[in-house]
Amino acid sequence: MRSGTDPVRHLYVHVPFCAHKCDYCAFYSAPPSGDQVNRYVDAVVRELELVAPRCRPETIFFGGGTPSLLTLKQWETLLEAMRRLNLLGAREFSVECNPATVSADKAKLLRSAGVTRISMGVQSLDPSLLERLGRIHTREMVFRSLDILRGAGFDGVSIDLMFAIPGQTMDLWQRTLDEALALGTDHLSCYEVIYEEDTPLFEQLAAGEFDVDEDLACAQYDALVDRAGEAGFRQYEVANWARDVRMGAPALPKEQVEELPRFACRHNVAYWRGKDFFGCGPSASEYVDGLRSRNWANTNLYCDQLDKGRRAKEFAEALGPLARAGELAAFGLRMNAGWPFAEFKERTGFDLREEWADDLAMLEKCGWGERLEDRFRLTRLGLRFADSAAERVLRPDAKPENRLVLEPV
Amino acid sequence: MDAAHIRNFSIIAHIDHGKTTLSDRLLQRTGTVADRDMEAQHLDAMDLEKERGITIKAHPVTMYYKAKNGETYELNLIDTPGHVDFAYEVSRSLSACEGALLIVDAAQGVEAQTVANVNLAMKQGLTIIPVINKIDLPHANIPQARQQLEDVLAISADEAVLASAKEGIGIDEILEAIVARVPAPTPSGANSFQALIFDSYFDTYKGVVILVRVTQGELKAGMQVKLLHSGRTVEIKEVGSFNPKPYVRQRLEVGETGYITANIKTPREVKVGDTITDPRNPSTELPGFQEIHPMVFSGIYPINTADFEQLKQSIAKLQLNDSALTFQTESSAALGFGFRCGFLGLLHMEIVQERLRREFDLDIIATYPSVVYKVRKTDGIEVEIDNPAFMPDVTYIDAVFEPIVKAFVICPGENIGDMMSLISEKRGTIRTTETLDIRRVMLVCKIPMNEILIDFHDRIKSITRGYGSMDYEPEGYEESDMVKLDMMVNGEVMDAFSSLVHRSKAEARGRTLAAKLKEVIPRQQFQVAIQAAIGGKFVARETVSAIRKDVTAKCYGGDISRKRKLLEKQKEGKKRMKAIGSVDIPQDAFIEVLKTS
């Protein structure tokens with residue numbers, strides 16, 4: 001288990017601006033207004049200053065919102081501060097981009113500052129569906145952005161796709177999927193549309209404008225698993241696929257195949273495996289020294305706090321050891337690799353085979369899970385029920401009243 | 001008081017016809033209650049009684065009235081329960097009286113409940129004084145009320161007193177009529193002292209307070225008395241009357257009503273209708289005693305299983321003042337532990353459930369009510385079945401007998417067609433149809449009690465837009481083709497939904513229940529078959545399709561806490577689920593269906 005002085009190896013930075021809010025999105029973001037973005041950049045630099053003494057990042061992830069919406073100037077300020085704070089040099093440094101906001105200058109700047117991965121929110125390559133989702137980019141922009149990124153030296157590009165979009169037939173999905181798999185990227189994240197409250201899509205569903213077709217969604221997911229596998233991708237989590245070698249290169253010899261695909265996103269793996277991470281920026285969550293906390297999901301409020309020289313925490317909670325272990329069991333099982341018994345024990349202090357013996361047996365019995373010599377993992381069927389499995393392995397806190405620790409603003 | 005100056009009477013009226021207002025006026029006029037102490041509805045102590053305008057417990061009140069002839073009379077008003085669910089209690093209260101005021105609303109006319117209660121009073125041989133009340137109302141129709149008295153109740157309209165209890169009109173005339181027309185009580189001529197127990201209630205300090213009418217001799221504190229049916233001999237600690245608060249008296253003489261206490265702690269030892277007499281020289285028993293038998297049964301379960309003990313104590317507490325209520329522990333796979341409760345009738349059942357909710361603040365759910373069936377088995381033995389779960393297997397059943405009631409339904413003439421189809425839908429047959437006035441008819445019909453348990457009354461109200469009324473009295477048993485309808489999920493019986501239904505209706509009810517269950521049973525990871533079965537034969541089936549996936553695609557650092565809380569909440573919710581076989585069903589689902597079926 002960690003001690004309170006070990007450096008934290010993972011850093012997330014939230015950029016809360018979007019040119020336009022997509023119809024399915026419930027993340028915190030707002031349209032940028034010139035001065036506010038500058039103010040945000042100053043504040044986030046201040047927050048990075050506060051966490052830097054404890055932070056030696058192996059992975060960095062800039063998510064949003066739309067990080068690529070920041071101007072060249074703003075990026076320079078940010079990256080310069082990170083250099084000064086000794087936060088650069090991570091083995092993996094990802095930045096989320098919208099295909100409509102990628103420019104050659106920005107791409108070059110990011111690459112030269114050590115960004116290793118670009119995660120591009122493509123969602124679909126079908127023009128009508130892109131419109132359906134309220135995206136601002138076109139399919140042509142996707143191809144152009146990819147060229148720009150490659151021109152800037154980015155080999156590692158990940159694309160995000162969505163399926164079960166209202167109006168998306170099996171045929172449309174397979175066309176997008178095939179086209180996307182042929183783009184030569186080395187990472188793929190695919191999400192079924194979720195209907196989150198307070199999104200236009202949710203309201204359209206509630207108003208009966210379309211129906212959810214569960215059978216179709218299942219078939220689309222199945223097609224995804226099959227096709228991605230055929231195209232040389234290895235699934236490593238419910239919604240994530242990555243290659244072991246670049247497209248066209250000879251396959252890895254069996255003995256060199258590791259638990260995770262080579263181009264898997266290590267930053268996300270850190271979440272599922274319960275590693276400590278800092279979260280900076282409005283609405284960002286973090287988990288450090290047993291304390292989970294979240295920043296205010298309001299850019300002005302966030303900046304106000306940092307102007308005063310303190311972090312802008314909206315809430316914090318500390319779980320008891322068993323509850324925390326249950327949480328790790330639940331979220332770690334989302335990964336195809338499951339939980340190695342030894343690693344789980346090392347991270348949580350509990351033995352998965354003892355405390356969760358009944359649950360593992362039940363998961364095995366209904367074909368959702370399988371026990372290997374060194375680990376327990378969900379099966380292909382089980383991954384489709386990962387939430388049910390998670391619900392089963394969660395453990396209540398002995399003293400739930402101690403959970404919530406609200407800090408004064 | 002000498003018997004010649006005692007008058008014992010009760011009041012018969014339909015709900016809202018003004019019984020309580022008239023009682024209050026009598027208390028006021030006789031100076032029993034000072035004007036300033038008058039609170040509307042003095043006699044109805046329970047909130048529920050006030051709200052529903054019905055009396056559940058009988059209260060006798062002693063008033064002294066100086067009549068026009070210059071003499072003072074002791075008038076004992078015995079306020080009876082106003083509903084035939086309590087027909088036995090009513091009959092015992094009535095047998096403590098010599099007369100009854102029959103109140104008819106001048107605007108509404110005679111209602112079904114009035115007919116049932118007048119029948120009871122007449123059977124007891126009481127002198128009936130008709131009072132046409134609310135004559136001050138602009139739409140009062142006195143000639144019509146008179147006509148109905150004659151036609152429907154066969155009571156001479158010339159005897160009717162015209163009154164408005166609200167306005168204080170006719171109160172003196174009513175008091176004079178009581179003195180003049182109600183016969184003075186006559187001693188029974190028994191060989192030793194004798195009194196009738198016509199009700200009792202529980203008092204935390206005094207124990208059981210027994211309400212009595214002395215029929216021979218007198219009762220005083222210190223006497224040893226025997227309760228004939230319960231066989232107990234006790235010493236009287238206190239005797240008294242009500243004004244309407246209890247007050248101690250030296251003695252209760254023949255013909256008088258009042259109370260005695262005797263340090264009795266268990267209300268069930270005091271049986272309504274029992275005779276009190278001299279243990280050394282017991283008199284004969286007074287006629288009409290019956291052990292009370294519940295007519296309607298239903299399971300009552302706490303919604304929160306942790307409330308079981310509290311429910312138990314609450315029902316026990318209710319029973320202290322309601323010895324007709326019976327209960328015993330039962331368990332249901334779906335609902336956990338609860339109680340099989342027996343009630344005198346539908347209203348009694350509703351009142352008990354309502355009091356548990358209101359006075360004891362309990363969340364409860366009641367299972368489908370059942371009447372008491374008699375089953376003759378192939379070996380000739382007859383058993384009584386009040387819970388469908390205990391119905392013998394069909395192969396052992398020779399015949400099933402179900403309780404029948406005689407129902408009085410009064411409705412506007414234009415609804416008679418709809419009413420007749422409702423009655424026939426409920427397997428009833430109409431015996432007589434009588435025109436009450438230009439607007440209304442009264443249908444007297446025979447109908448299985450099981451059919452009026454659920455929505456009969458509501459349906460009458462909705463057909464007649466609130467103008468119809470209904471009452472009933474038990475009329476024995478008849479052989480009937482009853483079958484046990486079971487609801488099953490994936491082959492397992494859900495006991496909470498088992499019911500005994502007439503064969504002609506079993507299939508339709510099975511289909512309705514199956515469709516309702518389909519709506520509320522959440523999808524599982526496998527297909528769930530909901531079936532309705534009659535004696536092993538399936539008559540309806542619905543399918544809840546299997547859930548095909550349960551996974552949220554996006555789950556990263558910022559989602560974990562929220563996601564965990566959501567899943568924890570779901571997990572907590574599933575703890576309250578009941579597993580029927582392998583199917584998890586939230587208790588709410590059972591409750592939803594039980595509420596609407």
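Values in this document were obtained by computation on a predicted structure and should not be read as measured data. Residue numbers begin at 1 in each chain, while the letters A, B, ... track the order of the sequences. Atoms considered below: every heavy atom in the structure, side chains included; atoms not considered: hydrogens, waters and symmetry mates.
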key: Contacting region of A:Tyr191 [heavy-atom separation from chain B under 4.5 Å]   = both
inquiry  = How about NZ on B:Lys312, more than 12 heavy atoms from neighbouring residues, nucleotides or ligands closer than 6.0 Å, or not?
reply    = no
key: Heavy-atom neighbours of B:Asp458 CG exceed 12 at 6.0 Å   = yes
note = Ranked by heavy-atom pairs below 4.5 Å to chain B, first place among A:Glu214, A:His14, A:His10 goes to A:Glu214
remark   = Interatomic distance, CZ@A:Phe331 vs CG@B:Asp559, rounded to 0.5 Å, equals 8.5 Å
inquiry  = Test side chain to side chain contact (heavy atoms under 4.5 Å, CB included) on A:Arg324 and B:Arg564; report intermediate values, then the result.
reply    = CA-CA 10 Å; A:Arg324 170 65 179 162; B:Arg564 192 202 63 232; over 6 Å; no
task = Kindly check if the number of other-residue, nucleotide or ligand heavy atoms within 6.0 Å of CZ (B:Phe337) is above 12?
result = no
inquiry  = Side chains of A:Asp387 and B:Gln570, heavy atoms from C-beta outward: is any pair under 4.5 Å?
reply    = no
ask   = Are there more than 12 heavy atoms of other residues, nucleotides or ligands under 6.0 Å from atom CG of A:Asp211?
value = no
ask   = Which atom names give the shortest non-hydrogen contact between B:Thr552 and A:Ile194, and what distance separates them?
value = CG2-CD1, 3.9 Å
ask   = So what's closer than 4.5 Å to chain B heavy atoms on A:Arg294: side chain, backbone, both or neither?
value = neither
note = When rounded to the nearest 0.5 Å, the distance separating CD of A:Glu327 from NZ of B:Lys565 is 9.5 Å
inquiry  = So for B:Leu566, is it side chain, backbone, both, or neither that comes closer than 4.5 Å to the heavy atoms of chain A?
reply    = neither
A:Arg334 side-chain N/O to B:Ala553 backbone N/O, donor-acceptor pair under 3.5 Å = yes
ask   = Given that the side chain runs from C-beta out, which part of A:Leu381 has a heavy atom under 4.5 Å from chain B: side chain, backbone, both or neither?
value = neither
request  = Taking B:Lys549 for its side chain and A:Arg384 for its backbone only, find out whether a donor-acceptor pair lies under 3.5 Å.
outcome  = no
query = Could you give the distance from CD (A:Glu391) to NZ (B:Lys563), rounded to the nearest 0.5 Å?
reply = 9.0 Å
ask   = Which atoms of A:Asn240 come close to chain B, meaning under 4.5 Å heavy atom to heavy atom: side chain ones, backbone ones, both, or neither?
value = side chain
Heavy-atom side-chain proximity of B:Ser561 to A:Phe315 below 4.5 angstrom = yes
ask   = Which atoms form the tightest heavy-atom contact between A:Cys218 and B:Arg548, and what is the distance?
value = SG-CB, 3.5 Å
task = Check for a donor-acceptor pair, side chain of B:Glu568 on one end and backbone N or O of A:Leu394 on the other, with a separation under 3.5 Å.
result = no
remark   = Separation between OG (A:Ser285) and CD1 (B:Ile560), nearest 0.5 Å, reads 9.0 Å
request  = Report the distance from atom CD of B:Gln525 to atom SG of A:Cys366, rounding to the nearest 0.5 Å.
outcome  = 7.0 Å
Residues A:Glu196, B:Lys554: salt bridge by 4.0 Å N-O rule = no
task = Mind checking the OH-OH spacing from A:Tyr12 to B:Tyr556? Nearest 0.5 Å is all I need.
result = 11.0 Å
ask   = Take atom CG in B:Asp361; do more than 12 heavy atoms of anything else shown fall under 6.0 Å from it?
value = no
